[in-house]
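Just below is one structure, and these are the notes that go with it.
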Amino acid sequence: MNDENKLTLSYLLQLLEIDSLPGGQLLETFVLRSAAGLIQEHGEDWIREQRGRLVEELEFITKEIEKENTQPAQ
């Protein structure tokens with residue numbers, strides 16, 4: 001990825017070595033913006049090195065959102 005190209009979902013999935021984002025389209029915009037910032041700050045190699053932790057964090061966020069959405073209103 002270079003500065004002229006926006007980060008695409010397809011390219012991010014390739015970097016993370018996953019088939020789809022945890023949380024699907026719900027988190028897609030958030031994840032793409034966050035990943036673009038991380039790539040700019042640390043580089044693509046850092047994303048590849050940290051992919052296990054990054055995917056775990058996405059899964060955690062997704063589970064928390066799902067819990068929040070399934071709890072009855074107070």
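Applying the side chain to side chain donor-acceptor pair (under 3.5 Å) definition to pairs two or more places apart or across chains, those involving residues 52-61 are Q50-R53, R53-E57. For residues 28-37, no pair satisfies salt bridge (charged side-chain N to carboxylate O under 4.0 Å, His left out), with sequence neighbours left out. Annotation: ring-ring contact (aromatic ring centres under 6.0 Å, His included) contacts involving residues 12-45, sequence neighbours excluded, comprise H42-W46.
E64 pairs by the side chain to side chain donor-acceptor pair (under 3.5 Å) definition with K67, not counting sequence neighbours. Scored by the salt bridge (charged side-chain N to carboxylate O under 4.0 Å, His left out) test, E17 finds R51 as partners (sequence neighbours excluded). The side-chain contact (heavy atoms from CB on, under 4.5 Å) search around I18 returns L13, L16, L21, P22, V55, not counting sequence neighbours. Listed by chain and residue number, nothing satisfies the side chain to side chain donor-acceptor pair (under 3.5 Å) test with D19 (two or more places apart in sequence, or in another chain).
For the atom pair OG1 of T70 and CD1 of I65, the computed distance is 12.0 Å after rounding to the nearest 0.5 Å. To the nearest 0.5 angstrom, I47 atom CD1 is 10.0 Å from E41 atom CD.
Of the candidates I61, L9, L12, V31 forms a side chain to side chain contact (heavy atoms under 4.5 Å, CB included) with just one, namely L12.
For the residue pair Y11 and L7, the shortest heavy atom distance occurs at CD2-CD1, 3.8 Å.
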